[in-house]
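Okay, structure first, notes after.
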Amino acid sequence: MQYLAEGLRLPTNGLDYTILAIYFVVVIGIGFAARASVKTSLDFFLSGRSLPAWVTGLAFVAANLGATEILGMAATGAQYGVAVVHWYWIGAIPAMVFLGLVMMPFYYRSKVRSVPEFLLQRFDKSAHLLSSILFAFAAILIAGVNLYALSIVVEALLGWPQWVAIVVAGLFVLVYITIGGLSSAIYNEVLQFFVILAALIPLTLLGLKRVGGWDGLTGSLEKSHGSDFLSAWGGTGIGDANPLGANWLTIILGLGFVLSFGYWTTNFAEVQRALSAKNLSAAQRTPLIAAFPKIFIVFLVMIPGLVAAVLVPKIGTPGSDLTYNDAIPLLMQELLPNGVLGIAVTGLLAAFMAGMAANVSSFNTVFTTDIWARYVKKDRLDAYYLRFGRLITAVGVLASIGTAFIAASFSNIMSYLQTLFSFFNVPMFVVFIIGMFWKRASMKSGVWGLLAGTTAAMVNYFWIYKQGVIDIPTDQGANFVSAIVGFVAGAVVMVVVTLFTAPKPEAELAGLVYGTESPDAVEPPAEGDSAWYRKPALLGWGAIVIAALCYLPYSL
């Protein structure tokens, strides 16, 4: 297993550990406070659909802002430069707006408990079961990435043995989710969002100061890495070379459409936060509220990566003992005084727990409601499923410990995550998008689309890319291509299967296909929902405009 460099040890003292201990006490306290509201399985898995939009919105962005996001995106900045903005302004904001404006009405009105359950209503049991298994497997793999990220950081920075770091952090996540369910996870994610910002803001500002401000940073990087390293679109013409190893077409289609929409619209770890909102308006506003901080968070992860590339020009190269994942820990060691250091370490642990809690809570929901209750133990009392949900949470944490070791083979854990997304999220997205906009899509086309998309993406990555059948310069470039291949294969197979199999009866498609309305589609606005800032369309377009304006300096 690959650890952080041995020289990365932080000079932590009693003050830092005190800050860390206070945070853990608060986290467990929130778990016990949330326990009082958990009376049914709906309370445990979806917070009783009772939370306000601002809470679910912050939890939505915090669930994504895990340790993998912080370490991985800083690593991506150190490796690929300013191109990291694509993952936010092309690879997140449009899809989050689409989720809020277009897809949440379908999810929320259908009263599903999970994303795979929507496929059961639109297609059939085979599509539902396969999507449930694929999602549960992916959730455990991604939770394992968070565990791995945490273990390498804690072992190298604090000197704790790796198994201690895994067990202690995993135990805390297990305790507060098992006790308080999704409500505990969401309220802790709101707290974690602010703790993470408190860690990243001083790190970014002090990093810029160390390299002589923005002008000093860009001047140094242009000399050492070239001008394309500082341009979002530099060298992305088809056939041109650039740090990212991808051209404008694969960036827009592979990342901006397929990977982005596949992740943000079908990843239940995110959608679950919106489904827990108190009404449809709040559910729609959840991803839109999250989009605004998402626009600016890129600076807090990109700039530390760029600063690390200046301070250690050989980071991530064969001649260096530092991987790209070391960018954030390197700056923490170099720049932060005690006290602030304690906040930064706490922020990393908070990021880990936010990411892992999101995946574990989505895993326990899908496994309990979509697999166990539907196909193994049917028609039991609600109390049985509540107990089983808590049990399977523990199983999920233990399984994540095993999958953490898979992530060790990637020097950039964000590349590994994008690989997983191309395998699991993209095929689910193509089935969703075709099923949602094409009434004729048959019941059997769903399962075959899932199989075809997943298989094609894996074949492209493991054979065409890894075996060198086609020369693709980087892992990220290969991920974009895998996503496109998976999407096209899934779509083609769905169309072909539809031509030879029976469609779902039109009477059963009400509220499941765009242009059809369910009987309870008209929902009276809640009190106060007439204010402009409560209107999803205005929030969505506002996020798009601000993201576009942010892009201008990086497009030159």
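A side-chain donor-acceptor contact under 3.5 Å links Ser362 to the backbone of Asn359. A donor-acceptor pair under 3.5 Å links the side-chain atoms of Trp89 to the main chain of Ile295, judged by distance alone. The backbone N or O of Gly91 sits less than 3.5 Å from a side-chain atom of Trp264, completing a donor-acceptor pair. At distances below 3.5 Å, at least one donor-acceptor pair connects side-chain atoms of Thr56 with backbone N or O atoms of Ala53. Checked by atom type and distance alone, the side chain of Arg273 never pairs as donor or acceptor with a backbone atom of Thr286 at under 3.5 Å. Panel note: side chain Tyr385, backbone Asp379; a donor-acceptor pair is recorded below 3.5 Å. For the pair Tyr107 (side chain) and Thr265 (backbone), a donor-acceptor distance under 3.5 Å is present.
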### Query
Step by step, would you call Ser131 with Leu450 a side chain to side chain contact (heavy atoms under 4.5 Å, CB included)?
CA-CA 7 Å; Ser131 64; Leu450 283 171; 3.8 Å; yes
### Task
Output, in order, the C-alpha distance, side-chain angles, deciding distance and verdict of side chain to side chain contact (heavy atoms under 4.5 Å, CB included) for Val426 and Leu259.
CA-CA 6 Å; Val426 168; Leu259 274 172; 4.0 Å; yes
### Task
Let me see the working for Val395 and Asn364 under side chain to side chain contact (heavy atoms under 4.5 Å, CB included), right down to the final yes or no.
CA-CA 9 Å; Val395 174; Asn364 67 24; over 6 Å; no
### Task
Determine, stepwise, if the pair Thr501 / Ser442 fulfils side chain to side chain donor-acceptor pair (under 3.5 Å).
CA-CA 6 Å; Thr501 55; Ser442 69; 2.6 Å; yes
### Query
Going through the distances and angles, do Leu99 and Phe60 end up as a side chain to side chain contact (heavy atoms under 4.5 Å, CB included)?
CA-CA 12 Å; Leu99 171 63; Phe60 189 98; 3.8 Å; yes
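Annotation: side chain of Phe299 is not in contact with side chain of Thr204 (no heavy-atom distance under 4.5 Å). Phe421 has its side chain out of reach of Asn479: every pair of non-hydrogen atoms, C-beta onward, lies at least 4.5 Å apart. With a 4.5 Å cut-off on side-chain heavy atoms, Val84 and Val301 do not count as touching. Side-chain atoms of Trp372 and Ile392, non-hydrogen and from C-beta on, never get closer than 4.5 Å to each other. Looking at Met494 and Trp438, their side chains never come closer than 4.5 Å, going by heavy atoms from C-beta outward. Between Ile546 and Phe296, some side-chain heavy-atom pair lies under the 4.5 Å cut-off. Between Ile544 and Pro94 the shortest side-chain heavy-atom distance falls below 4.5 Å. Considering only heavy atoms from C-beta on, Val513 comes within 4.5 Å of Arg122 through its side chain.
Aromatic ring orientation, Tyr461 versus Phe423: perpendicular (interplanar angle above 60°, classes split at 30° and 60°). Aromatic ring orientation, Phe257 versus Phe487: perpendicular (interplanar angle above 60°, classes split at 30° and 60°).
Remark: the Glu117 side chain and the Thr369 side chain contain no N/O donor-acceptor pair separated by less than 3.5 Å. A donor and an acceptor atom, one from each side chain of Gln284 and Tyr108, are nowhere located under 3.5 Å apart. Ser126 and Asp124 form a side-chain donor-acceptor contact under 3.5 Å, judged by distance and modelled atom types alone.
Taking both residues in full, the closest heavy atoms of Ile140 and Gly396 are given as CD1-O, 3.5 Å, listed atom of the first, atom of the second, then distance. The two residues Gly262 and Phe429 come nearest to each other via the heavy atoms CA-CB, 3.3 Å. The two residues Val85 and Ala232 have their closest heavy-atom pair at CG2-CB, 3.9 Å. Heavy-atom minimum distance, Pro105 versus Gly100: CD-O, 4.0 Å. Here the shortest heavy-atom pairing between Ala59 and Val190 reads N-CG2, 4.3 Å. The two residues Ser260 and Ala92 come nearest to each other via the heavy atoms OG-N, 3.6 Å.
To the nearest 0.5 Å, atoms CE (Met96) and OH (Tyr263) are separated by 9.5 Å. Here the straight-line distance linking atom CZ of Phe363 with atom OG1 of Thr393 works out to 8.5 Å at 0.5 Å rounding. One distance of note links CD1 of Ile142 with CZ of Phe424; it measures 8.5 Å at 0.5 Å rounding. Between the CD1 atom in Ile484 and the OG1 atom in Thr250 there is a gap of 6.0 Å [rounded to 0.5 Å]. For the atom pair CG of Leu512 and CG of Leu119, the computed distance is 10.5 Å after rounding to the nearest 0.5 Å. Between the CH2 atom in Trp54 and the CD1 atom in Ile289 there is a gap of 10.0 Å [rounded to 0.5 Å].
The residue from Tyr375, Phe118, Phe135, Phe123 that alone fulfils the ring-ring contact (aromatic ring centres under 6.0 Å, His included) condition with His128 is Tyr375.
Environment of CZ in Phe292: crowded, with over 12 heavy atoms of neighbouring residues, nucleotides or ligands closer than 6.0 Å. Other residues, nucleotides and ligands contribute only 12 or fewer heavy atoms inside 6.0 Å of the CG atom of Leu381.
Between His86 and Trp248, the ring center distance fails the sub-6.0 Å criterion.
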